[in-house]
Enquirer: 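Questions regarding the structure given below will be posed in turn.
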2 protein chains.
Amino acid sequence: MLEKAALILDCFSPSGGPYRLSELSERTGLPKPTVHRLAADLVRLGWLERSGPRYLLGAKLFELGSLVPHRRDLRETALPFLQDLFEATRETIHLGVREGMEVVYLERIHGHEALRLPSRIGGSLPLTCTAVGKALLAFSGAELTEEVLSRPLPSLTPHSITDPARLRMALEKIQVSGLSYEEQEAALEVSCIAAPVFAGDTAVAALSVAVPRSRFRPAQLAPAVRTAALGLSRVLRGGGATTFPLSSLRTRPYTDKSR
Amino acid sequence: MLEKAALILDCFSPSGGPYRLSELSERTGLPKPTVHRLAADLVRLGWLERSGPRYLLGAKLFELGSLVPHRRDLRETALPFLQDLFEATRETIHLGVREGMEVVYLERIHGHEALRLPSRIGGSLPLTCTAVGKALLAFSGAELTEEVLSRPLPSLTPHSITDPARLRMALEKIQVSGLSYEEQEAALEVSCIAAPVFAGDTAVAALSVAVPRSRFRPAQLAPAVRTAALGLSRVLRGGGATTFPLSSLRTRPYTDKSR
DNA sequence: ATGTTTGTTCCGTGACACGGAACAACGCGG
DNA sequence: CCGCGTTGTTCCGTGTCACGGAACAAACAT
């Protein structure tokens, strides 16, 4: 029964848009009366909201989601550095962590000019298609790299890297330079540069600046991104009593075969 | 059973901190085996995580919570204005909406200097104890004001307004000035100034800047807050082609005849 | 008016949630 | 090292409540 409720809620990812009863029934594969009953319960609990015939995710979920410790602590600690980076570049800033073979975005800040990007807070993208993802992958251990390279590489645009050899070279360049570049691999007309945030020798996060291709000036962005990432790394290292222990930043090891 | 699962998850609000099985059992009033079974299910679904004997809110909740349409759309639209405000003041910025008789914070951005505040993203505070809350209350209709005034006024600090007459006067001042002030009513040594975001003649949100009392300069902050709030109001009104309109998030157009 | 899709109610059946009890795994002080 | 309180886990018989087909109602479409 919890499982069925989860099925219903998962319908709203990633589109989030409102759904009607019969759509939910179809998408979950559950019979209509079942969805009807469960959805009513979920509304009672605040997990869903209902306006007319349409169901939406409810406010309670937002409240609980904001409390998730891993996410909240890192986001909170990183925010000042993201602000610095935004102020220095006035471009779109991302903060992401690795989860399995994907990158999950914890924060995205921008000004009035809205880039059309596939990234969303709480959403995930393939590690191989974004600057943040490649920065994370390059510093997540050789086994993960091999695992990723052994599978077909997904692509978001025609520019996404699909050749394993090319990706391997790109990762090696990232490992020596500490900087990850991406040009139109996640969205057309958008380029991106990212830097990993270290805990020891592995990346616990990465942050990036995304910019319209036309005004992509890597030489100017690179120092800013690197500076912000290193500053965050240092704070996470534990100096500050204001921040939380590193243990709370552990990402799930991809060797987790349970399930 | 859903209800019991919700009880368990609600244990994590607002502290969010990790809990052990027996703590959950005690706080929910559910017998231990029941909590054990439910918690295991929740972990399987990604709603909870478990590290050793401690349960935490899971990543799935963060993902779903980020998708809640009301919250996400408003936050996304407001963000550029919050950035403007931050850049102009370099102080802590809040965005909040009203939910019942409380204010819920949708966003909070700040620099390296961290104020010690009771506000948390996704968290709620009494309408009467914060600048954002009073700004919302002042423009939410007379009935709500009376409702609030008819009950005992909660307080977060010794400076919180507890005298109904004084609060009524404060609200009237807000209504004529369009600005809401607060001094140490939510946290000691912190002052705050807020402005409502309008849709028609009622406030749909409010944004504020919080600053250490020692350097509180209302005359300089007021224009910035008002400018940002008015800018956001205008964009919400629907004109703005500069940001992506809310309508782009609807899958299909509809006319809401219900209710 | 008439078919079609969507939302809701009903209810008999049976799966499975329930939680007391008993057991196992700690952590601690002696 | 050993007893002892605490916490976590497994077991399983009982009874409940989730389940979903079927029938009905309401909302569109034509």
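Keep in mind the model is a prediction, meaning the values are calculated, not measured. Convention: sequence-line order gives letters A, B, ...; per-chain numbering from 1.
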Enquirer: Please report the distance, rounded to the nearest Å, between NE2 in H36(A) and C1' in dA18(D).
Expert: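 Computing the H36(A):NE2 to dA18(D):C1' distance gives 15 Å.
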Enquirer: Send over the distance from R37(A) CZ to dC19(D) P, rounded to a whole Å.
Expert: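 R37(A) atom CZ is separated from dC19(D) atom P by 4 Å.
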Enquirer: Taking 4.0 angstrom as the limit, do R27(A) and D10(A) come out as a salt bridge?
Expert: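 Salt bridge absent between R27(A) and D10(A).
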Enquirer: Determine the interplanar angle of the F81(A) and H112(B) rings, folded into 0 to 90°, and report it as parallel if under 30°, tilted if 30 to 60°, perpendicular if over 60°.
Expert: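 It falls in the perpendicular class, over 60°.
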Enquirer: Would E107(A) and R75(B) pass as an ion pair if we require N to O under 4.0 Å?
Expert: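 Yes, E107(A) and R75(B) are salt-bridged.
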Enquirer: Distance check needed: dA25(D) C1' versus L21(A) CG, whole Å only.
Expert: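 In whole Å, dA25(D) C1' and L21(A) CG are 14 Å from each other.
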Enquirer: Thinking salt bridges, do E99(A) and R71(A) make one under a 4.0 Å N-O criterion?
Expert: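 A salt bridge is present here (some side-chain N lies under 4.0 Å from a carboxylate O).
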Enquirer: On DNA chain D, does the nearest nucleotide to K4(A) precede the nearest nucleotide to P53(B) from the 5' side, or the other way round? Give the residue.
Expert: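 Mapping each residue to its closest nucleotide by heavy atoms, the 5'-most match is P53(B).
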Enquirer: Return the orientation label for the F198(B) and F139(B) ring planes: parallel under 30°, perpendicular over 60°, tilted otherwise.
Expert: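 Perpendicular, since the angle between the ring planes exceeds 60°.
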Enquirer: Determine whether L30(B) and S25(B) make a side-chain contact, defined as any pair of heavy atoms from C-beta on separated by less than 4.5 Å.
Expert: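 The answer is no; the side chains never approach within 4.5 Å.
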Enquirer: Just how far, in rounded Å, is C1' of dT7(D) from OH of Y55(B)?
Expert: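 In whole Å, dT7(D) C1' and Y55(B) OH are 11 Å from each other.
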Enquirer: Check DNA chain D against residues 27-35 of chain A and give the residues with a non-hydrogen atom under 4.0 Å, in numerical order.
Expert: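 P31(A), P33(A), T34(A), in order of number.
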Enquirer: Are R98(A) and E102(A) within salt-bridge range, i.e. N to O under 4.0 Å?
Expert: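 E102(A) and R98(A): not salt-bridged.
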Enquirer: Chain A on DNA chain C: first and last contacting nucleotide, 5' to 3', under 4.0 Å to a heavy atom?
Expert: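 Footprint of chain A along DNA chain C, 5' to 3': dT6(C) to dT9(C).
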Enquirer: Select base, sugar-phosphate, or nothing to describe what R20(B) touches, counting heavy atoms under 4.0 Å on all strands.
Expert: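 The answer is sugar-phosphate, as R20(B) gets under 4.0 Å only of primed atoms, P, OP1 or OP2.
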Enquirer: Please report, rounded to the nearest Å, how far the C1' atom of dC19(D) is from the CE atom of M1(B).
Expert: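 Rounded to whole Å, this separation is 14 Å.
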Enquirer: Let me know the distance between CG of L38(A) and P of dC17(D), rounded to the nearest Å.
Expert: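 Checked: the CG to P distance equals 15 Å.
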Enquirer: Please report how far the helix from dA1(C)-dT30(D) to dG30(C)-dC1(D) bends, comparing the axis fitted to its first five pairs with the axis fitted to its last five, to the nearest 10 degrees.
Expert: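 Between the axes fitted at each end of the helix from dA1(C)-dT30(D) to dG30(C)-dC1(D) lies an angle of 50°.
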Enquirer: Got a second to check how far I8(A)'s CD1 is from L57(A)'s CG, nearest 0.5 Å?
Expert: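 If I round to the nearest 0.5 Å, the distance is 11.5 Å.
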Enquirer: Should E185(A) and K134(A) count as an ion pair when the cut-off is N to O under 4.0 Å?
Expert: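 Salt bridge: yes.
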Enquirer: Let me confirm one number: the CD-NE2 distance from E76(A) to H110(B), rounded to the nearest 0.5 Å.
Expert: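 Result: 4.0 Å between the selected atoms.
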Enquirer: Give the minimum heavy-atom separation between A229(A) and P196(A), together with the two atoms involved.
Expert: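 Answer, listing the atom of A229(A) first, then P196(A): CB-O, 3.5 Å.
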